[in-house]
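The structure under discussion appears below in the form of structure tokens.
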Amino acid sequence: MAAQPFDAAQFHAHVYQIVRLIPSGHVTSYGHIARLAGSPSHSRMVGSALKYLQDDSVPWQRVIGASGAISERGDGGQGARRQADRLREEGVEVTEPQGAGVGVGGQFKVSLSTYGWFPESVQLEDE
DNA sequence: TATCTGACATCTG
DNA sequence: CCAGATGCCAGAT
């Protein structure tokens, strides 16, 4: 297999497949998904793709940053808040931001050492 | 066609 | 451990 010239459609499809494979109660990072999709340097494209689709059938909430921090979309943290709450329902322990109310200098974080899901490879329908 | 932005990653202080 | 600055590459305007 050789380096692909980056096919957006194919990369897109692979991302969705991988995200669906994430088991409940576990999380993974954008960078790892990008790597499994065949492009380790296109971590940003992963998030961009998920945002653009807005598909509830894809558990995008299980995808967080490499540091275990939930990225905010600039909507005041409402999106991150919803994501954190949903992860808690699956049994994932999420730390709350500093301040707990008026605090704006903190982020929701998950222990990747405990809930991280990083398979070496996945079964993709197309390659 | 050129420029800016972005659901990131990684290094340094 | 946390915060800031830099690098990366493709999409959107």
Side-chain angles (χ1 to χ4, degrees):
Chain A
M1 114 183 209
Q4 301 167 319
F6 188 78
D7 294 296
Q10 188 162 339
F11 181 79
H12 211 244
H14 285 177
V15 170
Y16 297 139
Q17 290 179 48
I18 296 166
V19 174
R20 290 180 209 262
L21 292 175
I22 303 174
S24 179
H26 291 268
V27 294
T28 190
S29 62
Y30 299 97
H32 200 88
I33 291 179
R35 188 144 73 111
L36 293 175
S39 299
S41 300
H42 294 84
S43 50
R44 310 182 85 150
M45 302 292 91
V46 178
S48 187
L50 295 175
K51 177 187 66 176
Y52 209 88
L53 189 67
Q54 297 182 339
D55 190 335
D56 291 337
S57 62
V58 179
W60 57 270
Q61 41 228 45
R62 293 174 189 159
V63 184
I64 62 180
S67 300
I70 298 177
S71 305
E72 297 186 22
R73 274 77 78 182
D75 50 16
Q78 295 301 314
R81 171 74 176 169
R82 185 165 64 93
Q83 183 172 354
D85 185 65
R86 190 147 185 137
L87 287 173
R88 286 175 178 172
E89 291 183 42
E90 297 184 354
V92 178
E93 183 178 1
V94 184
T95 58
E96 297 184 6
Q98 311 282 321
V102 287
V104 195
Q107 288 182 296
F108 294 94
K109 296 180 71 175
V110 179
S111 299
L112 291 177
S113 303
T114 306
Y115 305 100
W117 181 78
F118 302 98
E120 298 178 2
S121 62
V122 294
Q123 295 293 337
L124 297 176
E125 296 180 357
D126 187 7
E127 183 68 54

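Below, read A as the first sequence line, B as the second, and so on, with proteins coming before strands; counting in each chain starts at 1. The analysis underlying the following values was restricted to heavy atoms, covering all of them including side chains, and did not include hydrogens, waters or symmetry mates.
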**Request:** Quick one: stems involving DNA chain C, counted as three or more successive Watson-Crick or G-U pairs, both distances short of 3.5 Å.
**Result:** B:2-6 with C:9-13, B:8-13 with C:2-7

**Prompt:** NA contact type, A:Ala8, heavy-atom cut-off 4.0 Å: base, sugar-phosphate, or nothing?
**Reply:** sugar-phosphate

**Request:** Please identify each residue that fulfils side-chain hydrogen bond (donor to acceptor under 3.5 Å, both in side chains) with A:Asp55, with sequence neighbours left out.
**Result:** A:Ser57

**Any A:His42 side-chain N or O less than 4.0 Å from OP1/OP2 of C:dC9** = no

**Message:** If the condition is ring pair (Phe, Tyr, Trp, His ring centres under 6.0 Å), which residues does A:Tyr115 pass it with, not counting sequence neighbours?
**Reply:** none

**Message:** Tell me every residue that passes side-chain contact (heavy atoms from CB on, under 4.5 Å) with A:Pro23, counting only those two or more places apart in sequence or in another chain.
**Reply:** A:His26, A:Trp117

**Fill in**
Quick tally for nucleotides 4-13 of chain B: nucleotides whose base has a protein heavy atom under 4.0 Å get B, sugar-phosphate-only ones S, the rest -, giving --BBBS----

**Message:** Evaluate A:Val15 against A:Val58 for side chain to side chain contact (heavy atoms under 4.5 Å, CB included), listing each step before the verdict.
**Reply:** CA-CA 10 Å; A:Val15 170; A:Val58 179; over 6 Å; no

**Item:** Spacing between A:His12 atom NE2 and C:dG11 atom P, to the nearest angstrom
**Value:** 10 Å

**Request:** Under the salt bridge (Lys or Arg N to Asp or Glu O under 4.0 Å) rule, collect the residues that match up with A:Glu90, sequence neighbours excluded.
**Result:** A:Arg62

**Complete:** Sorted by chain and residue number, the salt bridge (Lys or Arg N to Asp or Glu O under 4.0 Å) partners of A:Arg81 (sequence neighbours excluded) come out as none

**Complete:** Contacts of A:Arg73 meeting side-chain contact (heavy atoms from CB on, under 4.5 Å) (sequence neighbours excluded), chain-then-number -> A:Trp60, A:Asp75, A:Gln83

**Request:** For A:Tyr16, check ring pair (Phe, Tyr, Trp, His ring centres under 6.0 Å) against everything at least two apart and list the hits.
**Result:** A:His12

